[in-house]
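This report refers to the structure that appears directly beneath it.
Here is the naming used below: chain letters follow the sequence lines, and residue numbers restart at 1 for every chain.
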Amino acid sequence: MLQRRIMALWLGRFSTDRLARKGASRSEPLLVSIRQNNALYVHALNHAAQRLGLYAGQPLANAHAMVHGLAVVPADESADAALLDAMADWCGRFTPMVALAPPQGLLLDITGAAHLFGGEAAMLKTVTGKIGAQGFSVSGAIAGSATAAMLLARHRPHVIAPAGAEKEALANLPAAALSQDPKIQRALLRAGLKTIAQVMARGRSELAERLGKVFVAGLEGLSGNAPITPRLPQPDLMAEQAFAAPITSRGDIAIVLENLARALASLLEREGKGLRELQAVLFRADGGVARIDVRSGAPLRDPAIMMRLLEQKLDSPDHRLCDPLDPGFGFDLIRLEAVLAEKTTAEKASLDADENAARQVAFLIDRLSARFGAQRIQRFLAQDTHIPEAQSVAVPAQSQSFAGVEWKARRNADDPPLRPLRLLERPEEILSVLAAVPDGPPTRFSWRRCQHQVARAEGPERIAMEWWSVRESGSDHKKNNAHDYHDYFRVETNGGERFWLFRDGAPGGRWYLHGMFA
Amino acid sequence: MAAFRGVPVLTPMGRGVTLEHIMNKQEKIAVLRHDLARYGLPPDRPPVPLGHGAADAVLGGGLARGALHEIFAPSGPGFAACLAILAAGAKPLFWVRPDYEALEFGALSATGLLELGGNPARFFVMRAANAGDALIAAADILSCAHVGALVLELAGAPKCLDLVASRRLALIAEQSGVTLLVLRHNAIPKPSAASTRWLARSIASRADDEWGDPSFAVQLLRHRQGGTGDFYFNWNARNGHFVDPLRFQLPLASQEGRLRSLKPPPPPALRARGKRA
């Protein structure tokens with residue numbers, strides 16, 4: 001079985017580092033306060049403040065009493081979370097499997113990735129060095145499980161625990177580190193269990209009695225081999241290229257993407273797959289990450305088509321405003337991910353003209369969807385209902401997952417069209433309706449401030465709501481049911497226009513215009 | 001250029017010249033000769049017969065494929081939809097319209113298209129954010145030769161739709177053979193690269209009947225390759241083509257009078273500008 005290796009990164013002064021990166025002084029004491037139970041507490045503090053004897057969790061009033069003229073900033077948890085997200089994105093350059101351990105930790109699954117960076121020790125040094133260079137105080141550790149790695153990162157930084165030897169590495173750590181819950185910490189203290197080794201020596205049932213099953217389950221997790229839950233879906237296949245010096249020009253990037261597309265295509269071919277969703281991830285040297293996402297209606301393997309879709313996205317109107325290829329100091333790693341790949345039947349050169357035409361049209365739809373957004377290119381599906389506005393639904397033309405019923409014309413073979421070519425999104429009320437007979441069609445009406453004289457009318461065609469969607473209102477629902485229908489009339493005006501009108505319910509109801517015939 | 005399709009660019013001797021090139025030389029020279037002879041002539045594409053004798057005669061057999069046709073429609077897209085169904089045939093029909101058109105004039109209904117005789121399964125609508133996007137998308141769609149017809153619906157006179165843009169679209173359409181119908185609302189004709197220009201309005205159906213086929217009074221305002229004329233069209237959804245309402249139903253003697261009674265007065269703007277706009 002594959003032995004997982006997890007790298008944990010603990011950002012000990014995350015909140016104050018964030019403020020320091022924005023210009024706060026590192027040498028002056030700085031506190032971040034948080035309101036809990038209607039009182040202010042110290043949430044985080046920088047190194048200078050800690051040297052004054054202040055500590056996290058201390059009531060803010062105490063801190064003020066101890067040190068005069070402290071700088072205090074209220075905690076901004078959403079900004080912290082956003083920064084942690086961005087850092088997780090950035091860590092994607094080391095491994096695609098990155099998980100958040102909020103509020104100030106990151107977990108990287110480096111199984112099978114360490115040798116790319118010269119072994120686990122060198123990789124840990126590279127990662128912490130690069131994060132440290134960005135102005136964060138970070139400590140890291142590697143172990144076989146996420147909890148063990150995180151404990152080591154917090155309490156014994158820069159330790160690499162070999163697979164299966166997590167317990168030995170953790171043995172001397174304080175038992176209180178096992179839980180954040182002050183009740184359990186107190187219980188451990190009362191039981192006289194000071195180190196993790198002492199806790200481990202006790203029987204599981206004994207611990208469960210005293211500290212609860214959750215605590216014991218957490219202990220089991222220390223030596224487990226469970227995978228972490230990555231933040232982003234893991235790509236099925238990917239190809240990447242790193243550069244010694246960052247590249248900036250659009251032409252260079254296009255060449256790299258093309259090479260990667262070719263590499264990805266050969267991977268796909270070997271696996272007998274075609275990709276449905278493709279993502280180009282560009283890592284900026286200064287920490288930013290740009291993602292370009294394109295989708296394809298049919299499984300795709302041709303690098304030329306991948307490139308054309310990506311280029312459509314780069315030229316697309318919403319990207320012109322915020323250039324995704326704003327390289328800053330340049331990109332130092334570019335990766336092409338097949339986020340979603342599907343099995344395909346072997347590609348065969350088809351001589352069938354119809355199949356070729358269908359493929360060309362599908363590619364056209366992919367191109368348009370990549371450029372303008374999938375929801376803007378629509379096709380229509382028939383639905384099995386008689387409610388006119390629900391008879392056809394528009395779905396993104398690219399999606400294959402929708403199915404409709406067969407199209408059936410309502411008219412008899414010799415009839416003129418019975419349904420209008422255009423339907424208003426919501427029927428518009430027509431005013432000053434004059435009808436010759438109470439339940440007959442109107443002879444005159446005004447719509448959008450224009451008077452229309454009806455020359456001839458056809459109808460009524462009564463369309464009732466489906467019984468399961470009829471409005472019900474308590475005891476007199478029968479009475480309401482009687483009104484849940486529309487009497488439709490097709491009318492032709494003297495001007496030659498043809499409208500589809502309906503009366504809401506019985507004679508005397510309001511009149512609406514629903515659509516226009518050709 | 002389409003005329004040189006399949007012929008590689010000539011390379012200087014010694015660079016990129018292979019045995020295969022030399023062996024095929026005679027053949028290629030023949031192809032080049034043929035292409036040169038046809039250079040500048042419109043490509044051979046059978047026109048789309050409308051089914052309306054008089055109109056087909058004026059148009060020289062029907063609506064030209066792979067060309068730009070402008071339709072000015074004060075009373076809705078019906079005539080353009082019928083032409084597009086005809087021109088698309090069994091191939092996909094694309095309809096590009098900015099969002100504004102759907103809000104103002106109603107969303108296109110696939111059931112309505114089906115009732116008109118079109119095939120909703122091969123009907124694609126592109127909702128563009130604005131006229132500029134619509135033109136970009138239209139150029140992309142036109143370049144795919146497997147599309148049957150494209151309707152580009154634009155209201156008013158967007159700035160981006162100038163002579164250059166329409167010339168560009170017409171060129172792409174000519175290369176790929178896709179028929180482009182530019183449907184204009186609330187607009188007056190301006191110089192463009194259109195090969196035909198129509199003014200279509202729907203009219204009341206036969207007076208003696210109750211609810212007849214869709215009927216249109218259509219003026220062919222401009223035709224690059226021939227004459228112009230005024231016609232009445234009825235759309236026969238059953239067979240999917242137009243018919244001439246004056247052809248069968250009335251005795252010849254009464255046609256004149258009926259024609260006069262049916263004929264709507266041409267709008268003043270068009271009369272002032274004349275037929276060769």
Quiz item: B/Glu104 and A/Arg448: side chain to side chain contact (heavy atoms under 4.5 Å, CB included), yes or no, with the steps?
Solution: CA-CA 11 Å; B/Glu104 182 69 12; A/Arg448 289 186 178 175; 3.9 Å; yes

Practice problem: Before giving the answer on side chain to side chain contact (heavy atoms under 4.5 Å, CB included), spell out for A/Arg367 and B/Ser143 the whole-Å C-alpha distance, their side-chain angles and the decisive distance to 0.1 Å. | Solution: CA-CA 12 Å; A/Arg367 267 188 346 246; B/Ser143 61; 4.1 Å; yes

Self-check item: B/Asp99/A/Arg376 under side chain to side chain contact (heavy atoms under 4.5 Å, CB included): CA gap, chis, key distance, verdict
Solution: CA-CA 10 Å; B/Asp99 282 339; A/Arg376 289 202 169 272; 3.3 Å; yes

Quiz prompt | Pair A/Arg371-B/Ile136, side chain to side chain contact (heavy atoms under 4.5 Å, CB included): steps then yes or no | solution = CA-CA 10 Å; A/Arg371 183 154 193 165; B/Ile136 296 172; 3.8 Å; yes

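The heavy-atom pair separating B/Phe105 from A/Met516 by the smallest distance is O-CE, 3.2 Å. Between B/Ala204 and A/Arg456, the shortest heavy-atom distance links the atoms CB-NH1, 4.1 Å. The two residues A/Arg422 and B/Gly76 have their closest heavy-atom pair at NH2-CA, 3.6 Å. Taking each heavy atom of A/Glu425 and B/Ala102 in turn, the nearest pair found is CG-O, 4.5 Å. Considering every non-hydrogen atom in both B/Val125 and A/Phe380, the closest pair reads CG2-CE1, 3.5 Å.
The number of heavy-atom neighbours closer than 6.0 Å to CD of A/Glu406, taken from other residues, nucleotides and ligands shown, is 12 or below. For CZ of B/Arg168, the number of neighbouring non-hydrogen atoms (other residues, nucleotides, ligands) closer than 6.0 Å is 12 at most. When the shell of 6.0 Å around CZ of A/Arg295 is examined, it contains 12 or fewer heavy atoms from other residues, nucleotides or ligands.
For a heavy-atom cut-off of 4.5 Å, chain A lies close to B/Ser109, B/Ala110, B/Thr111, B/Gly112, B/Leu113, B/Leu114, B/Glu115, B/Leu116, B/Gly117, B/Pro120, B/Ala121 in residues 109-122 of chain B.
Among B/Val147, B/Leu108, B/Asn236, the residue with the largest count of heavy-atom pairs under 4.5 Å with chain A is B/Leu108. The choice from B/Cys82, B/Gly78, B/Pro77 that makes the most heavy-atom pairs within less than 4.5 Å of chain A is B/Pro77. Among A/Gln360, A/Arg490, A/Lys408, A/Arg419, the residue with the largest count of heavy-atom pairs under 4.5 Å with chain B is A/Arg490. Looking only at heavy-atom pairs under 4.5 Å with chain B, the residue among A/Leu423, A/Asn494, A/Leu418, A/Val393 that has the most is A/Leu423.
Interatomic distance, A/Ile365 CD1 to B/Phe94 CZ, rounded to the nearest 0.5 Å: 4.5 Å. The NE2 atom of B/His146 sits 10.0 Å away from the CZ atom of A/Arg359 when rounded to the nearest 0.5 Å. The CG atom of A/Leu368 lies 5.0 Å from the CD1 atom of B/Ile141; values are rounded to the nearest 0.5 Å.
In this structure, chain A has heavy atoms under 4.5 Å from both the backbone and the side chain of B/Ala129. Using a 4.5 Å cut-off between heavy atoms, A/Leu364 touches chain B through its side chain atoms alone. Neither the backbone nor the side chain of B/Phe79 has a heavy atom closer than 4.5 Å to any heavy atom of chain A. For A/Arg426, no part lies near chain B; criterion is any non-hydrogen pair under 4.5 Å. Residue B/Asn239 does not touch chain A at all, counting heavy-atom pairs closer than 4.5 Å. The part of A/Val491 that comes within reach of chain B is its backbone (N, CA, C, O), which places non-hydrogen atoms under 4.5 angstrom from that chain.
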